[in-house]
Amino acid sequence: MRDPLSRRSFLASLALAASALAASARAASASSLFGGPDDEPGEDVKKVLRAKFGDRPIRSGHLSLDVPDVAPDSREVPLLIESDLPMTADDYVKGIHIVVDHNPDIYLAGFDFTPAIGAATLDTRIKMRRSSPIRIIAETSKGALWTTSHFVYTTLNGCV
Amino acid sequence: MRDDTGEGKILLPAAIKRNAVINVRALLSHPMLTGLSRDQAGIPIPAYFVNDVMVTYGGEQVAHFEWTSGISRDPFVGFSLLASKEAPLTVTWKDNKGGIYTQSADVKFSAA
């Protein structure tokens, strides 16, 4: 016959191990959701950025990207991009670029603006092949580059 | 295959004040095929997508978009416009097979 005490202590240690595991899993998923190691662009993405923007520094700021953390349908991932950058005749956002690291076309789209549009906002829907960071890069008429990114989880390949 | 490809729609706010920044929404019916998928017989479906969008306001180009097939089917785009004058806003979509689709809407100021 089993010793009830040792069984109880075994169960207790099991529960402790399970909760420790859950905590570490939570920490791992949180870090990949909000930047972390996944946020660093890979060599292929860096190549695309260099081809488009040269060696100019790309700083983060002045942009907001509203996108779901988990895309219910990877064929239609809604993006809402807003910026607090000026939109005057001598200082304006001349382009907003969408880069998706793990898509067949890494450089997904570019939107060129003139001061006549009054504000650098953008609302569209994109396809995603798999879970990936989405990067938004804004280029001003003075040549400054601003970026923001968000990691989006997907379930199916939406690149049809 | 749907046969409404190329039907465009432009949505402007119901009331527009002079010199207000308004939201413009443009929608086009288009399959936006990447060329990466196959049909049920296993034959690759060729790429067919809008790659160039031009926005003019009173005949003057105010925005220009360069797209790949990564934009979703029936491409939608919303952007801002400084309503500085009463003039037509025209969106012209071009696809990689030479299709050109145009849609216009008139920016008119509501009585203040």
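Because the structure is predicted, anything quoted here is derived from the model rather than measured.
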In short, B:T34 meets A:C159 closest at the heavy-atom pair OG1-O, 3.6 Å
Checked A:I96, A:T124, A:D112 vs chain B; the most non-hydrogen pairs under 4.5 Å come from A:D112
- Query: Applying the 4.5 Å side-chain criterion to the ILVMFWY set and letting contacts propagate, would A:Y107 and A:L122 be lumped into a single cluster?
  - Reply: no
Mark yes or no for whether B:T68, through its side chain, and A:L108, through its backbone, hold a donor-acceptor pair below 3.5 Å.
yes
Taken to the nearest 0.5 Å, the spacing of A:K94 NZ from B:H64 NE2 works out to 14.0 Å
Practice task
Check the hydrophobic clustering (I, L, V, M, F, W, Y; side-chain heavy atoms under 4.5 Å; chains of links allowed) and say if A:F113 and B:V53 are grouped together.
Solution key: yes
Max heavy-atom pairs within cutoff under 4.5 Å with chain B, candidates A:A120, A:A109, A:G110, goes to A:G110
In terms of heavy-atom contacts, B:S69 and A:D105 come closest through OG-OD2, 3.9 Å
Do the side chains of B:L89 and B:Y101 join up, straight or via other hydrophobic residues, at under 4.5 Å, putting them in one cluster?
yes
Sorted by chain and number, sequence neighbours left out, side chain to side chain donor-acceptor pair (under 3.5 Å) with B:S72 holds for none
| Between A:T114 (side chain) and B:V62 (backbone), is there a donor-acceptor pair under 3.5 Å? | yes
Closest heavy-atom pair, B:S80 versus A:A119, reported as atoms and distance to 0.1 Å, is CB-O, 3.4 Å
Members sharing B:L27's hydrophobic cluster, built from side-chain contacts under 4.5 Å between Ile, Leu, Val, Met, Phe, Trp and Tyr, are B:F76
query: Do you reckon B:L82 sits in the same ILVMFWY cluster as B:V24, going by side-chain contacts under 4.5 Å, direct or chained?
result: no
Bottom line for B:L36: the part with an atom under 4.5 Å from chain A's heavy atoms is side chain
With chain B, the option among A:I117, A:I98, A:N103 that has the most non-hydrogen atom pairs under 4.5 Å is A:I117
| Can B:F109 be reached from B:L81 by stepping across I, L, V, M, F, W or Y side chains whose heavy atoms are under 4.5 Å apart? | yes
Residue pairs meeting salt bridge (Lys or Arg N to Asp or Glu O under 4.0 Å), one or both in residues 75-94 of chain B, sequence neighbours left out, come to B:E60-B:K85
Highest number of heavy-atom pairs under 4.5 Å with chain A among B:V55, B:N51, B:V21 belongs to B:V21
Practice item. Please say whether more than 12 non-hydrogen atoms of neighbouring residues, nucleotides or ligands are located less than 6.0 Å from NZ in B:K9. Key: no
>> Any heavy-atom pair between the side chains of A:K127 and B:M32 that's under 4.5 Å?
In response: yes
When the 4.5 angstrom heavy-atom criterion is applied to B:V77 and chain A, the contacting part is both
Taking a cut-off of under 4.5 angstrom between non-hydrogen atoms, the residues of residues 72-87 of chain A near chain B are A:R75, A:E76, A:V77
